Amino acid sequence: MLRTIVKPSCHSATITNRLIHSQYIQIRNITTKNSVLRDNMSIISDTRTSTIQPPDTVFQQSFLRSNFLNKNKNRPQDNISAEFKLFTGTQNSVSLTMADKRDVMSLWSLLEACLQSNYTERSFSILKSLYEIKSHRKTFIDDYNYYFNHIAKDFKNVKLMSDKLQKDLTVHFVDIQPNDKTVAILIHQTLKLARKNNDIMNNSTRQNLELFFSMSSSGFKKICSNIDILTLDDYKTLHLDLDMIRDYQIPTNIRDLVARKNITMKNVSSEDVKKIEKEHNDKNDHNDIVVNSTNLVTDSVTSKASEPPMKLDEDVKTVEKDATKLMNVDTLGMRVIKHTLFGLSLNEEQKEKIAKFNFEAPDNVLDVNDKRTVNFYEMYKNLKTDEEKEMFETTLEEFNQNRQQTLEVRATDAAKERWRHDFEEAKARGDLSIQKSLNSKLWKWYTEMLPLLKKEIEDCKRYLNKETLQKSATNRTDYAPYLTLVDPEKMCVIVILELLKLNSTGGISEGMRTARAVISAGKSIEMEFRSEQLLKNESYLLKDINKKSNEFKQYVRNAKKSLRSLKLDESKIIWPQQIRAKVGSVLISMLIKVARVPVEGRDPISGERVFGDAPAFSHSYQYHNGVKLGVIRIHPALIHQLNGERLMASVQPQLLPMLVKPRPWVNWKSGGYYYSQSSLIRTKDSPEQMAYIEAASKSNAIDKVYDGLNVLGETSWTVNQRIFDVVSKVWNNGKPFLEIPGVQITPNYLPQPAPDADPSVVNSWKQKNREIANEFAANRSMRCDMNYKLEIARAFLGEKFYFPHNMDFRGRAYPLSPHFNHLGNDMSRSLLIFWKGKMLGKDGLRWLKVHLANLYGVNKIPIEGRVQFVEDHMDEIRDAVENPLNGKFKWWQTADKPWQTLATCIELVEALKLENPEEFISHQPVHQDGTCNGLQHYAALGGDMVGASQVNLIPDSKPNDVYMHVANIVRANLQKKVEANPDDEIAKFFIEKLNRKIVKQTVMTHVYGVTLIGATLQIDKQIHDMLGDRTLSLQYSKYLAKAVFAAIRQSFQGAHLIQDWLGECCNRISKSIRLDLDKKSIGKGKKPEFMTSIIWTTPLNLPIVQPYREISKKQVNTNLQTVYISDPFAVNKINARRQKAGFPPNFIHSLDASHMLMSATKCREDGLEFASVHDSYWTHASDIVTMNKNLREQFVALHEVDLIERLKDEFDERYKNYVQISKIPKSSDMAAEIMARKDTMAIELGRAVTYVDELQFEQERLALLNSEFEDDVKKGQEMVTTISLAKGSEELFSEKERKGEQNMLTILTPLELPEIPAKGDFDVASVKESTYFFS
Amino acid sequence: MFKPLTATNLSEIKVFYKFRYVVSPRVLENIFDKLRLEDTYGDCKDLKVMDLNAGPAQQSIIFNNRYRCKQHLLMDNRPQFTNFWERNLKKSHFQMSPQDPYDWESYLMLIDHQKLFVPEKQPRDHIHNKFLIMGNLTDKKEEGLLMQWYNCVGQKNWLQRFGRVKMLLWVPTSSARKLLAPASSTQRAKCSLVCETFTDSKIIALTQDEESDLFDKKLLDKFDPIWVDYSSTLPQKFSKTKKSPMCLLEIDPLDFELNKGNWDYVTQHLMIQKSTPLIDAIESLGPGATDFFTKQINDPEFMKRCPYTFSAEEFIYLSDIYFRWPFKPDVFMNLFNAQQEE
DNA sequence: TAGCTAATTATTGATATAAGTAATAGATAATAT
DNA sequence: TTATTATCTACCGACAATATCAATAATTAGCCG
């Protein structure tokens, strides 16, 4: 019996709570003693209902310009259009309220976890919770399908299965209709059962199938599109045996596989295979090398189980990379990576195949049997013909496919094996070695932790199966479902690596912040789980196929390859932050329990040395400004063992550069790596952002964005070995060099003063030591970072690799792989060259020289001057190449960007060695940088003549230097001031001292909205050495900061008006509210909270949502301590300050990002290699001219549309029915009218008028106006509200009037944006001719 | 004899910087009656007084009329008060210093450089009988300084380097509550231990309000303080936030000998988890602390107790054990941590 | 065993923590009056 | 509704307070004829 009496809910119980409560009661008798639902929802606590709602669908209709989509589809190359999409209300997920959305997300992750661990009962109760969320109903069937697919496999016969479905959808989930996927599941299971019982051709089977097919209205094709449900066998049976589906109903990418009648899964005759192979080869027009090469690759998925454990020692030794050994190379993480790279080294057969290539190179490169490097790059470079190169690359690509998989998937195994190997080796050598060897320790921890973890997992399972009656630990109820998902062995390895990796992070010198540790450990577990899921899905379609048939593997592989790029709609499930923390903490607390290290100390009384052992980690706290901070300390003895350097463990193997082309972006969740999921946009877990991106993605509006990103991902790179050799030499030396800090084991703290020293003495001692600690930490982290970079570079020596990219929320692109990429510092940039080479040609040689001059710092003079500069310094350049470290001149070391300078020197000198240098095949990326790119866009938007010329938008014989220009204006203004007031000492001082460098940072950051005090501090940094006295120099700095601001304003007037306009728009929008907002969110008589964030779409249709909101954090209990984390789904009011400060720069950045993506696409069309660092664009020297032309053309294309007008139109529509809060003078007529109306309203209502009432009235009025009935419309027109009266108030009263007036009336007024400032005379088309636009 | 300030005089002061001062001569006399400073300073003819954040200086006047000490320095750097002195105390024999009592440099300057106020250094076997510190830290924000002054007793530096110098400080009642919280009180905090370990502190007087109501009744009974009415204090007009409930503490430093660094470290860490049994909280002293302390203490019952129940002696006992621990972490390590990067 | 109360447990919100407050100064949002 | 006080101070990539207690809500235990 159901309990019918629901206790009255308490006051603070919110809608969700009540919902949960009632569900609980409903479900009680289904679950047993423990209330699953409470557990389901226990992580969902904050239950405010949302007021963030995108405009509803009624609005949306009018927003979508109907011709837009068509226009875009027909002409994909179309120029930027003034049209825009709003992406509002197009998605169910968008229209969910945030609180619901959070509940859904939590339940999803729980559902996933429970299903994966086969807790079907529990899963079912979660489904019920999901069903109860009304706003989620529409997509509920997807969740049900997920569940149903899982349980369906256990049914003994078809009847049971369909009965279950029938019952669920009629009893439990009323009104839910099965869809095509449900049908697919039924069909798949039916076929599976039939196959098992050998009655495929049986009549009842056919009848069942026919019945199922008829269940869904969406048609056969739709049903058949579920390749994640139906297997290849299913298709075959349906198509070939039963003839129930037609050819065209099978998804195209597997149609070929199915259609081949002669392949049956049971017996593949060898003849058939040959035939297939032949067909395949004919189709690809490949010669025998390629045919053979296919055997290089084994099917890793199928072979995984049977594969013998990796033999580390052998593998690693046989393929020693031929590069200078690095210090600290022997670190954990890199061993893992190297091992995975090496572990997949060529076997004899493969070597043979490779040897067949016709290399023309010195023997050491050729001889793959030699125990030296397999340097693919050298091999490739030395191939004679393009044909051969192409062939080689194809072979490499296929070979790398598997290495990539191993790299992404098997890294934890590799680490574990490594530890065991080292442990056994050490054991053989004796106890002492075990103590010394770090890896042996890790192995010991691992072996000791594993049983603990297994026991915990057992407890979790018992809890989940309700076997245990005694109360579980409270946290277990939350983490139990998740802890059972990943193999315990893997979890141990992951958590050990995670802790070591976090050493010295978060400002803690011998440890880490607990909060960060538990969350990242939890995240890592989640990533591992996700990656396993992806792997599982990949092989799903082909899972029934006979794996033993060796010949068939190739076939499978080809099929997989085509499927890989097709993984649509991947998991959007993310574990809630709390779950991550809880999972992480249970693992970490276990490790803390078992991990011990031998330690040595001194008895303070006897002074004797004492030996013992102690926990390697311990949980403790520190105070920071009187605020507690949980830390996990690492025992100094272990720190010592890590030799003062952070472990390399943190190089997440999943996030290294890729050996194969990244999976192209096809939707917002699909792209990048193959086995770890990445998202198109780096949202900071902001559901709002995600909703918009998802909407854009689903409506196929951002394909151009994908195209651009894919271009970036397809650029292939390799490591510049010569630079690498030089860098490693410097590195190993351990001394500081250029920006590389020297090795330092411990910080040199000052001795402690006497205990009774004056407090001021003690304080300054603390202060100084803090500085020392800071510097030490900075140096160490710098060295660490460099170490990462070098290690990755070393691992990828001779490899061909790619950087998968995604974007920040403004659309700027970043490589997914951290540490080593082309966005890094000078050194990491210098280590990268294009894999593909291109002949320099005449232009190329010239541009190579220009590039060199630019890198050196000579980039403010005409091109010819730069060429000349290089030619004048050939001696120094040759010296640099011959003897980079001990040369006569060390010229390159004085360059702006020394390492890249050196790299370019080498390239140039090598080219000049040739008889005809223009025939040199160059791999060096050459850059074209915008001159203050932000200002370029501003100038284009504002039409500033002066500004445009200063940032080189206007053709000129020489490049202009904005910074110099600003400095000059400042100086001129100061001169005037001195004339007016000869006693102005500060002005006099700066007239003398002012230079480009002092103002540069301020001019640059001005675009980002630096404030007066910020600029003051910047300038102070430059000048305080000149003045000495702190207060004086600050005074001077402030003076100059004001002057610089004025000067910028003066020369970029148009730009400034734009900036102000953007700011004002932002002001008004962020102080506006939706008319139909949740009235409950307005406290009694209080002002409503502002929830409207700034949203716009870029010219490439990417919707951008500024994520700045107040963050609300809560304490979450974990096994170690409580952690303070924010709930991304909490609904918070916006942070108006940040919205305003961020909007202008974000808008500009969204434009430069668009420009980059457009240019990327164009350049790829022209066959160029292309890379970018936001406003610096790279390609081969020979292609610079083309690229530069493209850059200019795309810039013009971007700005040909008046983007500001476009933005205003968009804002006008997006925020159409919004209301803002404003003030007008009480004395004005409008105020009087409004007051009068308020009075009448008060009489109507019989009480004082609140904001809610005003909004209500206005909403009513608008509803009437939009009514179908004329009467209503008429009524609406006649209706007068306080808000309708206030229309136009913004324009009516000027800024001054508002400021001056004392008596102001606060009113609600329809949101109106200020008029766009007039544009200047500058015509953007002239950019096409401007040589120095980018240079 | 300098005439106490009148209400008219005092009305010149417009702003009290969220501080509160007793200005009623009668109440002040009562207070001094209760303090019986004669017991410590005898006839006061060698007594030097440093009066910090002296404010309107009514208390100083009453005090000086009564004891006629050798030297009485008023220190305050707030213009409202220094200007007030300028106008009203010209004829007094107070030495007035416009320096900032917050700044350690002020004292170095006065004592060591300018030698305008040089107390005698006395051994620590008795309360200093020629030097007295009076002060007012009644703004809640000044609690930090109060704690530092207390800490100076423990460090034996600042003015406490001259011996065990008595301090008469007006402090926020909330601070006093924390400082005087006895073992097993839920209010027990690290500063209570500082107070208990290094000083003998007594409540002499306090304002009656919602803050004083929170005091443990028994404790108040023990001190039998003088209740001060807000009408005898300034400012008279105040809002809730500027109420500044306050309390006069008589602080007599004790004689003690201990390793302050270790003691600070141990108390700080244990008081973070003050309601967690020692056996669970102890590991936060460093990796392996549980093993060592359990063995050294060898008393399961003790290990089950929570830090907030420990007496000052028990904490000294624990910090002694810590001192003997061969693998103890450096107690200064974490002082240098956690700064922002560039 | 229904239906109640008492007792226990879980959740939530408020508060204290340490103990130089590195410098700056001006606009704006938040809070108190 | 106005006066005072607190906050924040250049964008993005980027990364984070916590223990304790009192009050209250939710749940379980216990009770009885």
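Lettering of chains follows the sequences in order, A, B, ..., and the numbering in each one begins at 1. What you see is a predicted model, and the numbers here were worked out from it, not measured in a lab.
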> Taking atom C1' of D:dC12 as reference, at what distance in whole Å does atom CE of A:Met1004 sit?
Replying inline: 14 Å

>> On DNA chain D, does the nearest nucleotide to A:Arg516 precede the nearest nucleotide to A:Arg812 from the 5' side, or the other way round? Give the residue.
In response: A:Arg812

> For residues 143-155 of chain B, which residue pairs qualify under salt bridge (charged side-chain N to carboxylate O under 4.0 Å, His left out), counting only residues two or more places apart or in two chains?
Replying inline: B:Glu143-B:Lys178

> Does the aromatic ring of B:Tyr102 sit over the six-membered base ring of C:dG20, closer than 5.5 Å centre to centre and tilted less than 30°?
Replying inline: yes

> To the nearest angstrom, how far is A:Gln767 atom CD from C:dA22 atom P?
Replying inline: 8 Å

>> On the nucleotide D:dA16, are OP1 or OP2 found under 4.0 Å from the side-chain N or O atoms that A:Ser1126 carries?
In response: no

> Pairing of DNA chain C as dot-bracket, 5' to 3': ( ) intra-strand, [ ] crossing, | other strand, . unpaired, with Watson-Crick or G-U pairs under 3.5 Å?
Replying inline: ..|||||||||||||||.......||||||||.

> Looking at the side chain of A:Asp808, which of D:dG13, C:dA23, C:dT17 is the nearest nucleotide?
Replying inline: D:dG13

> Is it true that the side chains of B:Asp280 and B:Gln273 contain a donor and an acceptor less than 3.5 Å apart?
Replying inline: no

Distances under 3.5 Å only, N/O to N/O: pair up the protein atoms with those of nucleotides 4-7 of chain D.
residue : atom : partner  : partner atom : Å
D:dT5   : OP1  : B:Lys242 : NZ           : 3.4

> Given D:dC15, is OP1 or OP2 found less than 4.0 Å from the side-chain N or O atoms of A:Tyr1124?
Replying inline: no

> Does OP1 or OP2 of D:dC12 have a side-chain N or O of A:Tyr1008 closer than 4.0 Å?
Replying inline: no

> Starting at CG of A:Asn1067 and ending at P of C:dA27, how long is that distance when rounded to a whole Å?
Replying inline: 15 Å

> Does the ring centre of A:His1149 sit less than 6.0 Å away from the ring centre of A:Phe809?
Replying inline: no

> Counting just side-chain N and O atoms, does B:Gln187 come under 4.0 Å of either OP1 or OP2 of D:dC21?
Replying inline: no

> For B:Gln273 and D:dA19, is the shortest distance between a side-chain N/O and OP1 or OP2 below 4.0 Å?
Replying inline: no

> Should the ring pair A:His822 and A:His805 be called parallel, tilted or perpendicular, given that the plane angle runs from 0 to 90° and is split at 30 and 60?
Replying inline: tilted

>> If you only use heavy atoms from C-beta on, which nucleotide in D:dA10, C:dT21, D:dC12 is closest to the side chain of A:Asn1146?
In response: D:dC12

>> Within residues 1011-1018 of chain A, which residues have any heavy atom lying less than 4.0 Å from an atom of DNA chain D?
In response: A:Thr1011, A:Ile1013, A:Gly1014, A:Gln1018

> Taking the side chain of A:Arg1138 as its heavy atoms from C-beta onward, which of D:dC12, C:dT21, D:dT18 lies nearest to it?
Replying inline: D:dC12

> Does A:Ile1125 or A:Arg682 map to a spot on DNA chain D nearer the 5' end, using the closest nucleotide for each?
Replying inline: A:Arg682

> Does D:dA17 have OP1 or OP2 sitting under 4.0 Å from an N or O in the side chain of A:Lys1113?
Replying inline: yes

>> Within the 4.0 Å heavy-atom criterion, would you say A:Thr1031 contacts the bases, only the backbone, or no part of the nucleic acid?
In response: sugar-phosphate

> With respect to the side chain of A:Arg1030, which nucleotide from D:dT18, D:dT20, C:dA22 is positioned closest?
Replying inline: C:dA22

> Is there a side-chain polar atom (N or O) of A:Lys766 under 4.0 Å from OP1 or OP2 of C:dA19?
Replying inline: no

> What is the nucleic acid contact for A:Glu771, judged by heavy atoms within less than 4.0 Å: base, sugar-phosphate only, or nothing?
Replying inline: nothing

> Think A:Lys1114 has a side-chain N or O under 4.0 angstrom from the OP1 or OP2 of C:dG13?
Replying inline: no

>> Quick check against the 3.5 Å criterion: does A:Gln1059 have a side-chain atom that pairs as donor or acceptor with the backbone of A:Pro1144?
In response: no

> Is there a donor N/O on one and an acceptor N/O on the other, under 3.5 Å, for the side chain of A:Gln1115 and the base of D:dA19?
Replying inline: yes

> Would A:Arg810 and A:Asp1152 pass as an ion pair if we require N to O under 4.0 Å?
Replying inline: no

> With a 4.5 Å heavy-atom cut-off, do A:Val1105 and A:Ser686 have their side chains touching?
Replying inline: no

> For B:Lys274 and C:dT17, what is the distance between atoms NZ and P respectively, to the nearest whole Å?
Replying inline: 7 Å

> Toward the 5' end of DNA chain C, which comes first, B:Arg188 or B:Ser239, by nearest nucleotide?
Replying inline: B:Arg188

>> Give me the distance, rounded to whole Å, that separates C:dA25 from D:dC12 when you measure between the C1' atoms they each carry.
In response: 28 Å

> With sequence neighbours left out, what residues match A:His937 under side chain to side chain donor-acceptor pair (under 3.5 Å)?
Replying inline: A:His1199

> Is the count of non-hydrogen atoms from other residues, nucleotides or ligands lying under 6.0 Å from A:Leu1032 atom CG greater than 12?
Replying inline: yes

> Looking at residues at least two apart in the chain, or sitting in another chain, which of them share a side-chain contact (heavy atoms from CB on, under 4.5 Å) with B:Ser174?
Replying inline: B:Lys140, B:Pro172, B:Arg177, B:Glu211

